Amino acid sequence: MIDLEERLLRTWVEDLIENGFDAYAALIVDAKLHFTYSDSFGNDINGLFVILPRENYKKIQENNPIKEILLKSFNFIAEGHIWDDMSDFPVKFKMDLLEVEENWRDVIKRLITISKEVNQGLITEKVFIRESKQPITYNEIKFASQSEVRIAQELEVAEVLFFPLPLAVRYETGNIYEDHREVDFLICHQGTWGILEVAYHPDRYEKDKEKDFWFKKSGILCIEHYPAERCYNRPKDVIDEFLKVLVQYKK
């Protein structure tokens with residue numbers, strides 16, 4: 001049987017989407033809801049914790065208008081299911097704590113070390129370290145997959161200027177997770193700049209859209225996503241198609 005917390009979260013996300021707050025729904029879709037009780041028998045609900053991934057928690061805590069919209073939506077859908085009058089029901093957002101790996105101290109030491117290294121592939125390598133994996137090295141350049149290597153090889157054949165896994169920085173918020181971004185390929189062709197992403201996660205629409213807009217604000221308008229399988233099996237077709245699209249943005 002699905003518990004009340006899960007049903008509330010499902011309805012909450014749907015309500016936000018129906019009211020045009022898709023980006024806010026994306027912030028809570030991975031949340032965990034946890035009721036608190038006034039007695040030890042679990043009969044009297046007196047509060048709720050919304051436990052969020054660290055990045056999403058920080059975005060909500062640092063933006064009161066987002067928090068207000070989230071709480072208004074939650075109170076609307078939860079009314080009558082928890083309290084008849086939800087106006088004073090306490091809802092608190094909490095950051096989900098990281099799991100502790102057996103060798104977590106070694107992982108952190110390595111993360112500290114690579115933060116002082118070159119920027120190329122920096123974010124990818126940090127992610128890989130947390131997952132106990134290693135990036136792929138080709139021509140002394142780091143890549144996240146063989147699909148990316150195939151694309152790089154095809155760009156070399158085409159003699160196109162490209163930057164694989166570059167670290168982009170625009171200091172807007174003071175939050176490193178929002179001010180630092182990494183793309184798979186930054187490409188310059190006939191004086192026009194574009195971004196080619198090798199896509200592995202079809203369910204990341206909201207995150208990809210927000211990341212694309214971050215670059216578009218600075219004038220990089222050509223941003224195309226290609227499935228990793230296609231990049232691996234037909235890299236020439238991908239590059240030919242991307243370059244045809246890119247030249248249309250030439251001023």
Side-chain angles (χ1 to χ4, degrees), residues 1-37 45 47-83 86-87 89-101 123-124 126-128 130-131 144-145 172-173 175-184 195 197-217 223-229:
M1 182 177 178
I2 299 176
D3 57 28
L4 179 59
E5 289 99 327
E6 194 72 9
R7 293 174 64 196
L8 284 169
L9 179 59
R10 175 67 181 87
T11 311
W12 190 9
V13 171
E14 184 85 6
D15 182 68
L16 287 166
I17 294 172
E18 287 182 353
N19 285 284
F21 297 110
D22 303 43
Y24 298 173
L27 290 175
I28 65 163
V29 70
D30 292 322
K32 292 178 285 188
L33 304 190
H34 178 70
F35 286 129
T36 58
Y37 300 89
I45 298 172
L48 176 74
F49 286 120
V50 182
I51 305 171
L52 297 151
R54 179 173 52 181
E55 182 178 345
N56 294 356
Y57 169 79
K58 293 181 74 172
K59 288 181 179 178
I60 292 171
Q61 286 297 97
E62 294 169 359
N63 194 314
N64 282 329
I66 292 178
K67 188 184 295 187
E68 289 173 6
I69 289 170
L70 289 173
L71 292 176
K72 182 178 179 180
S73 171
F74 179 80
N75 289 341
F76 172 73
I77 63 105
E79 194 167 278
H81 295 283
I82 304 176
W83 289 2
M86 292 292 295
S87 58
F89 183 75
V91 177
K92 294 184 178 179
F93 295 95
K94 288 176 59 175
M95 183 189 299
D96 199 6
L97 300 180
L98 297 174
E99 296 294 331
V100 178
E101 315 96 316
I123 295 176
T124 291
K126 285 184 176 181
V127 172
F128 273 38
R130 293 190 183 102
E131 298 175 354
S145 68
E172 290 181 319
T173 69
N175 179 357
I176 191 171
Y177 299 102
E178 296 182 34
D179 294 341
H180 288 190
R181 305 295 175 102
E182 184 180 276
V183 297
D184 294 333
I195 290 171
E197 296 276 31
V198 179
Y200 285 91
H201 309 287
D203 58 340
R204 284 173 51 99
Y205 174 78
E206 290 298 335
K207 288 186 177 181
D208 288 340
K209 184 178 179 182
E210 190 272 336
K211 180 181 176 183
D212 291 353
F213 183 67
W214 191 84
F215 283 97
K216 287 180 179 181
K217 285 195 297 183
I223 304 175
E224 299 294 327
H225 297 252
Y226 293 91
E229 184 178 3

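Every value quoted in this text rests on a predicted model; they were computed, and no experiment measured them. In what follows, every heavy atom counts, from backbone to side chain, and hydrogens, waters and symmetry copies are set aside.
Of the inter-residue distances, the one linking Ile45 atom CD1 with Thr36 atom OG1 reads 8.5 Å to the nearest 0.5 angstrom. In this structure, CD in Glu229 is found 10.5 Å from OH in Tyr200, a value given to the nearest 0.5 Å. Between Asp15 atom CG and Arg10 atom CZ the span is 11.5 Å, to the nearest 0.5 Å. Between Glu210 atom CD and Asp22 atom CG the span is 13.5 Å, to the nearest 0.5 Å. Put simply, CD on Glu62 and CG on Asn64 are 10.5 Å apart, with the number rounded to the nearest 0.5 Å. Here the CG-NZ distance, from Leu52 to Lys94, works out to 11.0 Å after rounding to the nearest 0.5 Å.
Residues Tyr24 and Ser73 have side chains that never bring a donor and an acceptor to within less than 3.5 angstrom of each other.
The backbone N or O of Ala78 sits nowhere less than 3.5 Å from a side-chain atom of Trp12 that would complete a donor-acceptor pair. The backbone N or O of Met95 lies less than 3.5 Å from no partner atom in the side chain of Lys58, so there is not a single donor-acceptor pair.
Residues Phe49 and Leu33 have side chains not in contact (no heavy-atom distance under 4.5 Å, counting atoms from C-beta outward). Side-chain contact between Asp96 and Tyr57 is absent, with no heavy atoms from C-beta onward closer than 4.5 Å. Looking only at side-chain heavy atoms (C-beta outward), Asp212 and His225 come within less than 4.5 Å of each other. Using a 4.5 Å heavy-atom cutoff, the side chains of Phe93 and Leu71 are in contact. At a threshold of 4.5 Å between non-hydrogen side-chain atoms, the residues Leu8 and Phe35 count as touching. You'll find the side chain of Lys211 stays beyond 4.5 Å of the side chain of Ile223, heavy atoms only. Proximity of Phe21 to Leu27: side-chain heavy atoms (C-beta onward) are nowhere separated by under 4.5 Å.
Phe89 and Trp83 have perpendicular rings, their planes meeting at more than 60° on a 0 to 90° scale where under 30° would count as parallel.
Few gaps surround CD on Glu172; more than 12 heavy atoms of other groups in view lie less than 6.0 Å from it. More than 12 heavy atoms of other shown residues, nucleotides or ligands fall within 6.0 angstrom of atom CD in Gln61.
No salt bridge links Lys72 with Glu68; every basic N to acidic carboxylate O contact stays at or beyond 4.0 Å.
When all heavy atoms of Ile66 and Lys59 are compared, the pair lying nearest together is CD1-O, 4.3 Å. The minimum heavy-atom distance linking Leu9 with Ala31 is given by the pair CD2-O, 3.3 Å. Residue Glu197 comes nearest to Val183 through the heavy atom pair OE2-CG1, 3.7 Å, listed as atom of the first residue, atom of the second, then distance.
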- Task: Run the numbers on Ile28 and Leu16 for side chain to side chain contact (heavy atoms under 4.5 Å, CB included), then give the verdict.
- Result: CA-CA 10 Å; Ile28 65 163; Leu16 287 166; 3.6 Å; yes
